[in-house]
Amino acid sequence: MKKILTLMTALFLAVSAFAQSAKELYNKYSDLNGVSAVYVSPAMFRMIGKLPDVDMENSQGEKVNLTPIINTLSGFYLLEVEENSSAAVQLQADVKKLLDGKKFELLFEAKEDGETTRLFTAGDGKKVSSLILISRDAEDFTFMSLEGNMDRDELENILAEAAK
């Protein structure tokens, strides 16, 4: 019985080691040379969310209100590394593990002039817990993650409005 319990614990720890989060990736890579990193805390999102309206303009000059989504965010992580660096190779492998290890859904992929951009979400039918954007071109690899408890319908409406 002890052997079975020990084996189960070891398996759980091994699986847990591969289940990285955006925060863990940020902590792993943000201090390395050649890595540009940005983190926005929940406190900053609460402060921004107290503003009356946070608008952005879409391509048609129409205002899109981001406040409802900002109020649900708990973290923003951005990592950018030079494409040919050893950090880029490892970060790309870790991002692949993250995307494979959680139930992420590809929302869109765009390819143009050697640049590939992909947007993924994780969550359920009503809420989005993670929105991940990865972009790769000849010079850089970029990983961006928004974490929170976003209403899926509201997020999709805002994305549709912003894309106009």
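Side chains included, hydrogens not; waters and symmetry mates left out as well; all remaining heavy atoms used.
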Original post:
Mind checking whether Leu79 and Val38 have side chains closer than 4.5 Å, heavy atoms only?
Top reply: no
Original post:
Is there side-chain contact between Glu80 and Met144, with heavy atoms separated by less than 4.5 Å?
Top reply: no
Original post:
Under 4.5 Å between any side-chain heavy atoms of Phe104 and Thr121, yes or no?
Top reply: no
Original post:
Closest heavy-atom contact between Arg152 and Gly123?
Top reply: NH2-C, 4.1 Å
Subject >> Under-4.0 Å salt bridge between Lys126 and Asp151 >> reply: no
Original post:
What distance separates Asn27 CG from Ser21 OG, expressed to the nearest 0.5 Å?
Top reply: 8.0 Å
Original post:
CD of Glu156 to CE of Met150: how many Å apart, nearest 0.5 Å?
Top reply: 11.5 Å
**OP:** List the steps and the verdict of side-chain contact (heavy atoms from CB on, under 4.5 Å) for Ile132 and Leu98.
**Re:** CA-CA 10 Å; Ile132 291 181; Leu98 172 67; 3.7 Å; yes
**OP:** Indicate yes or no: at least one non-hydrogen side-chain atom of Leu133 is less than 4.5 angstrom from one of Thr117.
**Re:** yes
Original post:
Under the side-chain hydrogen bond (donor to acceptor under 3.5 Å, both in side chains) rule, what pairs show up with a residue in residues 37-48, not counting sequence neighbours?
Top reply: none
**OP:** First locate atom OG of Ser74, then atom CG of Asn149, and finally report the distance between them rounded to the nearest 0.5 Å.
**Re:** 8.5 Å
Subject >> Any residue meeting salt bridge (Lys or Arg N to Asp or Glu O under 4.0 Å) with Asp124, in chain and number order, not counting sequence neighbours >> reply: none
Subject >> side-chain hydrogen bond (donor to acceptor under 3.5 Å, both in side chains) involving Lys96 - partner list, sequence neighbours excluded >> reply: Asp100
Subject >> Trace of the side-chain contact (heavy atoms from CB on, under 4.5 Å) decision for Leu91 with Lys28 >> reply: CA-CA 9 Å; Leu91 176 59; Lys28 181 176 179 178; over 6 Å; no
**OP:** Could you pull out all residues at least two apart from Glu109 that satisfy side-chain hydrogen bond (donor to acceptor under 3.5 Å, both in side chains)?
**Re:** Arg118
Original post:
Mind checking whether Tyr29 and Asp94 have side chains closer than 4.5 Å, heavy atoms only?
Top reply: yes
Original post:
Out of curiosity, does Leu32 fall in the hydrophobic cluster containing Val89 (side-chain heavy atoms, cut-off under 4.5 Å, transitive links)?
Top reply: no
**OP:** For residues Phe143 and Leu25, determine if any side-chain heavy atom of one lies less than 4.5 Å from a side-chain heavy atom of the other.
**Re:** yes
**OP:** List for me each residue that meets salt bridge (Lys or Arg N to Asp or Glu O under 4.0 Å) alongside Lys23, sequence neighbours excluded, and say none if there are none.
**Re:** none
Subject >> Glu83 bridged to Arg136 by N-O distance under 4.0 Å >> reply: yes
Subject >> Student check: side-chain heavy atoms of Leu107 and Phe120 closer than 4.5 Å >> reply: no
Original post:
Measuring from Leu155:CG to Ile69:CD1, what's the distance to the nearest 0.5 Å?
Top reply: 5.0 Å
Original post:
Nearest 0.5 Å, what's the CG-NZ distance between Asp153 and Lys127?
Top reply: 9.5 Å
Original post:
Under 4.5 Å between any side-chain heavy atoms of Ile134 and Val95, yes or no?
Top reply: yes
**OP:** Measure the OH-CG distance between Tyr26 and Asp31 for me, rounded to the nearest 0.5 Å.
**Re:** 7.5 Å
Original post:
In chain order, what residues pass the side-chain hydrogen bond (donor to acceptor under 3.5 Å, both in side chains) check against Glu147, with sequence neighbours excluded?
Top reply: Ser130, Ser145
**OP:** May I ask you to check whether over 12 heavy atoms, not counting those of Glu82, lie within 6.0 Å of atom CD?
**Re:** no
